[in-house]
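Below: the structure, in structure tokens.
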Number of protein chains: 2
Amino acid sequence: MTVSDRGSAGGHRQVGVKDVAAAAGVSLGTVSNVLNRPELVSARTRLRVETAMSELGFVRNESARQLRAGRSRTLAYVLLDGANPFFTDVAQGIEEVAEAEDLSVFLCNSDNRAERELSYLTRLEQQRVQGILITPADPHAAILDELPRRGTPVVIVDRTRGGDTTHCSVAVDDGLGGELALGHLVERGHERIGFVGGPLTLGQVRDRKQGAERALAAAGRPPDSLLHLETTALTVPEGRNAGQRLAGLPAATRPTAVFCANDLLALGLLQQCVTTGIRVPDDLAIVGYDDIEFAAAAAVPLTSVRQPRRKLGATAAELLLREVQDPDHVHEQVLFTPELVVRTSSQTP
Amino acid sequence: MTVSDRGSAGGHRQVGVKDVAAAAGVSLGTVSNVLNRPELVSARTRLRVETAMSELGFVRNESARQLRAGRSRTLAYVLLDGANPFFTDVAQGIEEVAEAEDLSVFLCNSDNRAERELSYLTRLEQQRVQGILITPADPHAAILDELPRRGTPVVIVDRTRGGDTTHCSVAVDDGLGGELALGHLVERGHERIGFVGGPLTLGQVRDRKQGAERALAAAGRPPDSLLHLETTALTVPEGRNAGQRLAGLPAATRPTAVFCANDLLALGLLQQCVTTGIRVPDDLAIVGYDDIEFAAAAAVPLTSVRQPRRKLGATAAELLLREVQDPDHVHEQVLFTPELVVRTSSQTP
DNA sequence: GAGTGACAATGAAAGGTTTCAATTCAGTGC
DNA sequence: GCACTGAATTGAAACCTTTCATTGTCACTC
């Protein structure tokens with residue numbers, strides 16, 4: 001009396017290797033060999049087993065496989081903002097590397113919420129993913145240290161944590177990016193310059209702002225002359241909001257140029273300017289950050305600081321894979337260099 | 001002699017329920033009860049077990065859990081283009097519903113490649129995800145029928161398959177969307193109108209085009225008077241490319257208006273027009289599709305056909321969950337209505 | 001014709017969790 | 001004291017695959 005005969009009446013009981021073995025008249029182990037080391041199985045038997053598999057509609061059970069193997073065939077990328085093309089481009093870079101290694105990538109959107117990030121990280125650890133790539137909403141979360149200690153490697157993407165010895169990281173020099181952006185505006189002769197960005201809990205925003213201030217200082221101006229228009233997120237609506245506040249300032253004190261912490265803000269700001277009648281770049285020059293695809297297609301093509309997005313993702317994935325393969329691996333901090341792309345939005349009138 | 005004492009020297013052997021049970025001086029089953037039915041365990045014992053867990057750094061093994069339970073706590077959304085904000089917005093809608101049910105969402109980017117889509121679907125089935133949401137690159141793939149037959153429910157998002165009785169689906173009436181777009185252009189008095197989009201293997205593109213033709217016919221014009229500029233993908237670069245071809249046409253025969261199959265194309269086209277000196281809307285009116293966030297922030301704010309993106313995702317997720325819970329559930333085909341949002345890009349000069 | 005080696009196939013054990021029927025125990029009512 | 005109750009806890013079985021030491025088979029060689 002075999003285990004089979006699962007009437008088609010109710011739902012589908014699982015078809016397992018056992019059933020395949022019975023149908024093909026071979027042992028359990030042979031079926032497994034067909035799946036995992038086909039070269040050990042004679043052509044004749046292999047064919048019989050494969051036929052049985054497709055006839056029964058056998059689907060390998062990944063849970064059981066993983067349970068035995070102790071690890072999965074999956075990576076995960078926990079990203080800060082699924083609606084920001086910057087991160088989806090980074091994800092593409094990751095996917096390319098993963099695909100070459102025959103790994104799947106689990107994309108998780110923390111939406112910049114620490115509790116959601118924590119919940120994803122917990123789940124991913126429980127799923128025993130091979131490793132996690134993350135652009136953290138909360139870079140100080142304890143779990144980021146615990147995960148590698150318990151055996152799940154973590155690579156920090158688009159962020160560095162000073163003197164971090166438990167993670168690899170890949171980032172772009174945000175300080176330099178800020179310098180480039182502001183240096184450019186200073187060079188174009190702007191006197192009153194603003195910085196649009198926030199929250200300052202985001203390291204990216206802090207670093208870009210500090211870079212901007214350094215550039216001001218280098219030009220012999222007081223760094224605090226940089227007017228900070230704070231935002232609660234790096235999104236298009238927040239950019240529009242900042243634009244409204246800007247429009248509310250008397251023209252005499254209003255900045256003649258602003259540097260935005262990312263392109264979404266810059267696009268929102270730009271849109272609001274068009275609505276309000278502030279001319280760009282004549283009344284207001286704008287520099288964005290990230291150089292997302294839409295920057296060039298904006299109302300006024302946007303000057304922006306370009307980051308090697310795909311490369312960022314690909315490198316991070318490579319570091320992760322290296323760490324997975326080599327347990328006592330020395331953590332590396334890779335820093336890429338950004339590049340200023342000048343377009344109309346910052347043209348001198 | 002307990003199972004413990006796993007020297008910190010090498011790697012970390014797993015800490016399992018067994019170890020927790022030993023440390024807390026209770027049985028296996030009790031630990032499991034603390035995890036799954038805490039109300040069955042006395043407060044004192046529960047506390048002891050929980051302490052042991054955090055001391056040992058216990059991490060539940062999801063594979064084993066799933067293996068026993070037969071299903072996971074995960075949904076997946078296989079999307080067509082990770083770089084298109086339309087799909088990430090749909091994903092947001094899905095995530096909202098999933099989060100409420102305490103499910104994770106696996107986002108997979110098929111990048112419009114059938115073989116990649118197939119590979120993801122295969123993996124997801126092996127992982128025994130609760131169900132799959134998909135905007136298919138290949139709507140005729142056999143696996144889309146096999147999955148539900150073998151027990152993994154599938155909901156089609158942003159697409160319908162005529163007379164489909166094996167899937168629920170959620171879509172927006174693309175035909176109507178096309179009619180709206182073209183009706184608008186006809187009404188504005190345009191005589192030579194183009195359609196930019198492709199490949200026609202994408203049902204969305206076909207339906208929008210057919211709708212457009214219907215609108216032409218309704219206005220008493222021959223449907224084939226719609227000049228089709230075919231693209232190989234619905235992306236910004238392809239839009240630029242189409243823009244170049246358009247600019248190459250003699251001004252006398254060049255359309256005075258185009259309807260683009262999505263906003264990415266429209267934005268690329270618009271950008272190319274700005275570069276080439278074709279004035280929008282004076283020389284060329286443009287209507288896009290999707291009304292993504294960037295449409296309003298474009299060089300010339302873009303007239304577009306708005307789709308209820310989040311709602312689309314949320315509804316699809318709800319249908320999927322309903323199907324998961326109720327095995328003999330009647331498949332539903334939900335169709336939303338699009339809406340024309342008129343902006344500057346189609347203003348009559 | 002015994003011995004050797006290569007190749008195929010086998011089947012039991014292991015992996016960590018959950019489930020459930022069975023057991024223990026303290027308490028209650030008579 | 002006894003039988004009974006309900007709550008708390010237990011331990012073995014089940015989930016499905018992979019691994020690996022073992023057995024079986026056959027063709028060759030000396």
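Just so it is clear, the values below take in all heavy atoms, side chains as well, and ignore hydrogens, waters and symmetry mates. Every chain is numbered from 1 and lettered A, B, ... according to where its sequence line falls, protein lines coming before strand lines.
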To the nearest Å, how far apart are [X] [atom1] and [N] [atom2]?
X	N	atom1	atom2	result
A:Q126	C:dG16	CD	C1'	13 Å
A:L28	D:dT19	CG	C1'	12 Å
B:R128	D:dC16	CZ	P	8 Å
A:Q127	C:dT17	CD	P	15 Å
B:R73	C:dT18	CZ	C1'	15 Å
A:E39	C:dA8	CD	P	10 Å
A:K18	D:dT17	NZ	C1'	11 Å
B:R48	D:dA8	CZ	C1'	12 Å

Of the options A:Q66, A:R65, A:R128, which is the one that meets B:S63 in a side-chain hydrogen bond (donor to acceptor under 3.5 Å, both in side chains)?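 Testing each of A:Q66, A:R65, A:R128 against B:S63, the sole residue satisfying side-chain hydrogen bond (donor to acceptor under 3.5 Å, both in side chains) is A:Q66.
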For the student: nearest non-hydrogen atoms of [X] and [Y], plus distance:
X	Y	value
A:G82	A:N109	N-OD1, 3.2 Å
B:T135	B:V157	OG1-O, 3.2 Å
A:L321	A:E101	CD1-CG, 3.5 Å

Under a 3.5 Å cutoff, is there a donor and acceptor pairing between the side chains of A:T30 and A:S27? yes
Using only heavy-atom distances, decide whether a donor-acceptor pair under 3.5 angstrom links the side-chain of A:R65 to the base of D:dT17. no
If you compare every side-chain N and O of [X] against the phosphate oxygens of [N] (OP1, OP2), does one of them come in below 4.0 Å?
X	N	result
B:T45	D:dA8	no
B:R60	C:dT18	yes
A:N36	D:dT18	yes
B:S42	D:dT9	yes
A:T30	C:dT10	yes

Salt bridge check: are B:E39 and B:R37 linked by an N-O gap of less than 4.0 Å? no
Intermediate values then yes/no, side chain to side chain contact (heavy atoms under 4.5 Å, CB included), B:E117 and B:D138: CA-CA 8 Å; B:E117 176 172 289; B:D138 176 5; 4.0 Å; yes
Hey, does B:V31 reach any base, or is it just sugar-phosphate, or nothing, if we go heavy atoms under 4.0 Å? nothing
Derivation and outcome, side chain to side chain contact (heavy atoms under 4.5 Å, CB included), residues A:D164 and A:S169: CA-CA 9 Å; A:D164 190 335; A:S169 70; 6.0 Å; no
Look for any protein N or O under 3.5 Å of an N or O in nucleotides 20-24 of chain D and output each such pair with its distance, or none.
none

Sidechain-backbone polar pair: B:Q333 side chain, B:H167 backbone, donor-acceptor under 3.5 Å: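 Yes.
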Side-chain donor/acceptor pairs under 3.5 Å, residues 50-58 of chain A, sequence neighbours excluded:
| unit_1 | atom_1 | unit_2 | atom_2 | d |
| --- | --- | --- | --- | --- |
| A:T51 | OG1 | A:L47 | O | 2.7 |
| A:S54 | OG | A:T51 | O | 3.2 |

Regarding the side chain of B:R68, the nearest nucleotide among D:dA13, C:dT10, C:dG15 is D:dA13
Between D:dT19, D:dC16, C:dT17, spot the one nearest the side chain of A:S32, thanks.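 Ranking D:dT19, D:dC16, C:dT17 by closest atom to the A:S32 side chain puts D:dT19 first.
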With the criterion being N/O to N/O and under 3.5 Å, what pairs connect the protein with nucleotides 23-28 of chain C, and how long is each?
none

